[in-house]
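All chains are named by letter (A, B, ...) in the order of the sequence lines, taking the proteins before the strands, and each is independently numbered beginning at 1.
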Protein chains: 2
Amino acid sequence: MMPQQNTSQDLNLSLVKSACSNCNLRELCLPFGLSEAEMGRLDELVSSRRRLKKGDNLYRAGTRFDAIFAIRSGFFKTDVLLEDGREQVTGFQMSGELLGLDGISTEFHTCNAVALEDSEICAIPFTRLENLSREIKTLQHHFHKVMSREIVRDHGVMMLLGTMRAEERLAAFLLNLSQRFTARGYSHADFFLRMTREEIGSYLGLKLETVSRAFSRFQEDGHIAVQQKHVRILNVAGLKALMNNQRR
Amino acid sequence: MMPQQNTSQDLNLSLVKSACSNCNLRELCLPFGLSEAEMGRLDELVSSRRRLKKGDNLYRAGTRFDAIFAIRSGFFKTDVLLEDGREQVTGFQMSGELLGLDGISTEFHTCNAVALEDSEICAIPFTRLENLSREIKTLQHHFHKVMSREIVRDHGVMMLLGTMRAEERLAAFLLNLSQRFTARGYSHADFFLRMTREEIGSYLGLKLETVSRAFSRFQEDGHIAVQQKHVRILNVAGLKALMNNQRR
DNA sequence: GAATCAGGTTGACCTGGATCAAGCATAACG
DNA sequence: CGTTATGCTTGATCCAGGTCAACCTGATTC
């Protein structure tokens, strides 16, 4: 199965009725845990929808922040650029996940969010979200959890970048993707990467050649089958084992 | 001037009246932006205080989360451990900063917080903080900003770990410390490190020997003067310049 | 004030991943 | 359908930072 191969047909269909209350991502996304009535109130707030083509920026570093975004379909990367042009990909986001939380702190976005395939997002005006979450305890708490989860996730990436070797990093990356696809009802073992080797490398603190070699190595060792962006995981345990190898 | 060389005398004094409303960190900490009356309500919440000796754990990964902590005085590190014993220091925290935000997501702490010198913290029961921030808009918004700032900070660390060379990392680290000391009214150019070379290394994704060599190099180049934990910054511009060196 | 110990420095050597370079695969396009 | 562009793979070489080891420094203890 090919996850999230959305055609424009799918997108049109999804627009027919477009509210949290009948979105199939509601258990993954912001409405998690809300009652029918409460979800209805969130619907009012999430009126604004937007489609992005592959390569489009959802927002850029330095632009005004006024809403967070929930990914309805598609795939994004966020990155930070240094003046000298160096790029650090800070994350890859998929459906049901939130984008833009970095902007709350200064009222300006501090990173760029780019669609890696045609995507659709729900814009959630932040002030209105704060207002509503002062009324709905469950919403408030869930939002706090989502922000906290982001912090925990970032700590994981730091661990990866700070202490792991190249192959461990890639193994961790693949297992993480796999697990997130599973949560969305897609195959855990057969998927298409939306990002290039260079983007993976940037995220993992490696050069694209190193990423490519690690893929080849995993294939030789029978852990995966790769052909370009198509990845099949053949041996989850093998990949997991790789992650405790440290200094050989 | 030696920042935060608290003696037990200082600590006793500070306990005489111990509330946000007359804490000199209130502009850096959670109460930021609150009115007198609102701050009074926060006072009720922040009743619990705790002292920690150097080396004490404020909390450990896996323990139940029920409060966040504001540092009244002292210095902490947070770290994450891998099963095989590898450690990643995820941050260093000083007075006025919050600890424990990682625990909101799962109701369990996901990292360890360790005092690097004798310290004092204010415990803020999280449920009560959520209750109060449903009533006080300013508090709610400021809390969101603090969480978001943490995310932005983490992105900075990823950039550092993912794309910078050893000397750039240390320069960035020193400049960041310097700037945070300044914000607390201490010298920006003369301070004592609370952490070991090994802890700096863990934070920066380097080995302690590399950290030590970078310090020596900076000294040779006249950017700083170091003697063990005592650091004096002699040339801020020089350090800043180092950060755009990339692949020489 | 000698002994112990944790932390810091420095040197010599080694290696994982970066760099440079060439060729291949696939998609996009006139 | 051939051309062009973009992304991927693989090989050869290099070097920043890791590893190992010896020594130094300053704080703590008896």
If you restrict it to nitrogen or oxygen atoms, what contacts under 3.5 Å exist between nucleotides 24-27 of chain C and the protein, and what is each distance?
residue: C/dT26; atom: OP1; partner: A/Q227; partner atom: NE2; Å: 3.4

*asked:* Could you tell me how far apart B/R217 (CZ) and D/dA16 (C1') are, to the nearest whole angstrom?
replied: 12 Å

*asked:* What I'd like to find out is whether the side chain of B/T110 reaches to under 4.5 Å of the side chain of B/F65, using heavy atoms alone.
replied: no

*What pairs meet the salt bridge (charged side-chain N to carboxylate O under 4.0 Å, His left out) rule with one or both residues in residues 213-231 of chain A, with sequence neighbours excluded?*
A/E167-A/R217, A/R217-A/D221

*Got a sec, which residues hit side chain to side chain contact (heavy atoms under 4.5 Å, CB included) with B/A115, two or more places apart in sequence or on another chain?*
B/L52, B/F76, B/S119

*Can you tell if the side chain of A/K77 reaches within under 4.5 Å of the side chain of A/E199, non-hydrogen atoms only?*
yes

Produce the list of close N/O pairs, under 3.5 Å, pairing protein atoms with atoms of nucleotides 20-22 of chain D; give distances to one decimal.
residue: D/dC20; atom: N4; partner: B/E209; partner atom: OE2; Å: 3.3

*asked:* Would you call the rings of A/F69 and A/Y59 parallel, tilted or perpendicular, taking 30° and 60° as the class edges?
replied: parallel

*Residues two or more places apart in sequence or in another chain: which of them pass ring-ring contact (aromatic ring centres under 6.0 Å, His included) with B/H230?*
B/F192

*Between C/dG8 and B/K229, is there an OP1 or OP2 to side-chain N/O distance shorter than 4.0 Å?*
yes

*Using a strict cut-off of less than 4.0 Å between a Lys/Arg side-chain nitrogen and an Asp/Glu carboxylate oxygen, indicate whether B/E168 and B/R165 qualify as a salt bridge.*
no

_Going by side-chain hydrogen bond (donor to acceptor under 3.5 Å, both in side chains), name the residues that satisfy it together with B/N176, two or more places apart in sequence or in a different chain._
B/R180

*Does D/dT9 have OP1 or OP2 sitting under 4.0 Å from an N or O in the side chain of A/S212?*
yes

*Whole-Å gap separating C1' (C/dG17) and CE (A/M164)*: 17 Å

